[in-house]
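In what follows, every heavy atom counts, from backbone to side chain, and hydrogens, waters and symmetry copies are set aside. As the structure is a computational prediction, the values presented were derived from the model and not from experiment.
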Amino acid sequence: MSIYAAADLHLSLAPDVEKPMDIYGSRWFNHVERLKENWYAQIKRDDTVIIPGDISWGLKLNEAKYDLDWVDSLPGHKVVFKGNHDLWWSGINKLNRMYESITFVQNDFYLAEDIVVCGTRGWLTPDNEDFSEADEKIYKRELLRLENSLASAKDYMKKEKAEYEILGILHFPPVSKLNAFSGFQQLFEDYGVKKVLYGHIHGEEGFRCAIKGVHYGIEYQLVSLDYLNCRPVKIK
């Protein structure tokens with residue numbers, strides 16, 4: 001059993017949803033077909049695939065269902081976190097009744113083999129020039145959601161008298177500038193997280209400036225689909 005990850009699938013398979021991704025560059029050309037081919041080449045039924053947000057361009061669940069059905073049809077168990085474009089996301093209990101092969105995570109964790117997967121969507125961080133008073137409210141709410149996820153994992157480990165590695169998940173990067181430090185990073189540090197995956201960042205300039213590697217003792221890995229050239233990356 002292996003664990004893979006890929007964020008930002010940006011699917012638009014519903015008949016009434018038109019969002020061609022190849023207008024954003026060659027890395028997006030035929031991205032759905034390439035992702036499917038690479039997925040089947042790598043991932044087996046017993047594997048776990050973490051998807052840190054931006055799954056569907058559908059605005060409502062009935063539109064996103066076309067994309068979620070497609071994800072459901074792929075091998076492996078999918079662990080899904082919310083992205084900023086996942087406007088269809090509503091009612092975590094309802095979502096988790098829809099598919100056996102997909103777990104939607106919010107304010108909670110997912111145990112994949114000996115790794116506890118914790119996270120939240122995240123948001124713009126205070127080091128971003130566009131950070132506003134409205135952003136601050138969302139930022140603080142996302143910090144609470146991340147702490148809920150991490151705390152629930154710690155409570156589970158205490159109850160089970162077990163110690164698992166915690167894998168941190170965000171959709172947004174934890175900081176906008178490499179020399180900055182955010183509340184997300186502080187929480188990961190407080191809970192002993194050693195590795196964090198995130199998406200959201202696209203384009204060559206974004207890739208160059210994105211936080212990657214070890215910062216303050218934690219390894220950060222960008223897993224946007226275009227950065228991965230439509231090939232899910234093996235985490236373990």
Engineer: Do the side chain of Asn107 and the main chain of Asn148 share a donor and acceptor less than 3.5 angstrom apart?
Structural biologist: no
Engineer: Let's go through Tyr198 and His171 carefully: what are the C-alpha distance in whole Å and the side-chain angles of both, what is the deciding distance for side chain to side chain contact (heavy atoms under 4.5 Å, CB included) to 0.1 Å, and is it a yes or a no?
Structural biologist: CA-CA 5 Å; Tyr198 71 96; His171 174 67; over 6 Å; no
Engineer: Which heavy atom in Ser182 sits nearest to a heavy atom in Pro174, and how many Å separate them?
Structural biologist: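 Shortest heavy-atom separation between Ser182 and Pro174 comes out as OG-O, 2.7 Å.
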Engineer: Taking Asn93's backbone N and O only, do any of them form a donor-acceptor pair with Asn96's side chain (distance below 3.5 Å, no angle check)?
Structural biologist: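 Such a contact is absent between Asn96 side chain and Asn93 backbone.
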Engineer: Kindly assign one of parallel, tilted or perpendicular to the pair Tyr164 and Tyr156, based on the angle between their ring planes and the thresholds 30° and 60°.
Structural biologist: parallel
Engineer: Which is it for Leu228 and Asp226 under the side chain to side chain contact (heavy atoms under 4.5 Å, CB included) test, yes or no, and what are the steps along the way?
Structural biologist: CA-CA 5 Å; Leu228 300 178; Asp226 50 334; over 6 Å; no
Engineer: Looking at every non-hydrogen atom in both residues, tell me the closest pair between Val117 and Ala112 and how far apart they are.
Structural biologist: CG2-CB, 4.4 Å
Engineer: Let me see the working for Phe207 and Ile201 under side chain to side chain contact (heavy atoms under 4.5 Å, CB included), right down to the final yes or no.
Structural biologist: CA-CA 7 Å; Phe207 299 156; Ile201 300 299; 4.3 Å; yes
Engineer: Decide yes or no on side chain to side chain contact (heavy atoms under 4.5 Å, CB included) for Lys234 and Tyr4, but give the supporting numbers first.
Structural biologist: CA-CA 4 Å; Lys234 184 183 281 191; Tyr4 293 84; 3.3 Å; yes
Engineer: Answer with yes or no whether the hydrophobic clustering places Val79 together with Val223; edges join I, L, V, M, F, W, Y residues whose side-chain heavy atoms lie under 4.5 Å apart.
Structural biologist: yes
Engineer: Spell out, as yes or no, whether a donor-acceptor pair under 3.5 Å connects the side chain of Glu142 to the backbone of Gly122.
Structural biologist: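 Confirmed, Glu142 side chain pairs with Gly122 backbone.
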Engineer: Between Asp86 and Lys82 (salt bridge meaning N to carboxylate O under 4.0 Å), is one present in this structure?
Structural biologist: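 Salt bridge absent between Asp86 and Lys82.
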Engineer: Measure the acute angle between the ring planes of His202 and His200, then classify it against the limits of 30° and 60° as parallel, tilted or perpendicular.
Structural biologist: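 Answer is tilted, since the angle falls between 30° and 60°.
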Engineer: Mind checking whether Val71 and Ile235 sit in one hydrophobic cluster, side chains of I, L, V, M, F, W, Y counted as touching below 4.5 Å?
Structural biologist: no
Engineer: Quick check: Trp123 with Phe172 (ring centres under 6.0 Å apart)?
Structural biologist: yes
Engineer: Report yes or no: is the cationic atom of Lys60 (NZ for Lys, CZ for Arg) closer than 6.0 Å to the six-membered ring centre of Trp88, at no more than 45° off its axis?
Structural biologist: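 Not flagged: Lys60 not positioned over aromatic ring of Trp88.
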Engineer: Salt bridge check, Glu204 against Arg208: does any charged N sit closer than 4.0 Å to a carboxylate O?
Structural biologist: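 Here Arg208 does not pair with Glu204 in a salt bridge, since their nearest N and O are not under 4.0 Å apart.
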Engineer: Considering only NZ, NE, NH1 and NH2 on the basic side and carboxylate oxygens on the acidic side, decide whether Lys194 and Glu165 come within less than 4.0 Å.
Structural biologist: no
Engineer: Give a yes or no answer on whether the side chain of Asp67 reaches the backbone of Ser56 with a donor-acceptor pair at less than 3.5 Å.
Structural biologist: no
Engineer: Is there a donor-acceptor pair under 3.5 Å between the side chain of Gln106 and the backbone N or O of Thr120?
Structural biologist: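 The answer is no, because no donor-acceptor pair under 3.5 Å joins these two groups.
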Engineer: Short question: side chain of Asp108, backbone of Ser149 - any donor-acceptor pair under 3.5 Å?
Structural biologist: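 No; judged by distance alone, with no hydrogens or angles, the pair does not exist.
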Engineer: Assess whether salt bridge (charged side-chain N to carboxylate O under 4.0 Å, His left out) is satisfied between Lys140 and Glu136, documenting all intermediate values.
Structural biologist: CA-CA 6 Å; Lys140 289 180 177 179; Glu136 184 174 10; 3.4 Å; yes
Engineer: Can you name the nearest heavy-atom pair linking Thr48 to Tyr110, along with the distance?
Structural biologist: CG2-CE2, 4.3 Å
Engineer: Among the clusters formed by ILVMFWY side chains lying less than 4.5 Å apart, do Leu222 and Phe81 turn up in the same one?
Structural biologist: yes
Engineer: Assess whether a salt bridge exists between Asp72 and Lys78, defined as any Lys/Arg side-chain N lying under 4.0 Å from an Asp/Glu carboxylate O.
Structural biologist: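 Salt bridge absent between Asp72 and Lys78.
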Engineer: Identify the residue among Leu68, Asp8, Ile102 that makes a side-chain contact (heavy atoms from CB on, under 4.5 Å) with Ile55.
Structural biologist: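 Between Ile55 and the candidates, side-chain contact (heavy atoms from CB on, under 4.5 Å) is satisfied uniquely by Leu68.
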Engineer: Ion pair present between Glu129 and Lys177, side-chain N to carboxylate O less than 4.0 angstrom?
Structural biologist: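 A salt bridge is present here (some side-chain N lies under 4.0 Å from a carboxylate O).
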Engineer: Could you measure the distance from the NE2 atom of His215 to the CD atom of Glu189? Nearest 0.5 Å is fine.
Structural biologist: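 The distance works out to 13.5 Å.
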Engineer: Are the side chain of Asp135 and the backbone N or O of Leu124 linked by a donor-acceptor pair below 3.5 Å?
Structural biologist: no
Engineer: Check this for me, if you would: do Glu37 and Arg34 make a salt bridge, where the nitrogen-to-carboxylate-oxygen distance has to be below 4.0 angstrom?
Structural biologist: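 Salt bridge absent between Glu37 and Arg34.
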Engineer: Would you confirm whether Asp54, through its side chain, and Leu9, through its main-chain N or O, come within 3.5 Å as a donor-acceptor pair?
Structural biologist: no
Engineer: Short question: side chain of Lys236, backbone of Asp114 - any donor-acceptor pair under 3.5 Å?
Structural biologist: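 It does not hold such a pair.
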Engineer: With ring centroids as reference points, do Tyr24 and His10 lie under 6.0 angstrom apart?
Structural biologist: no
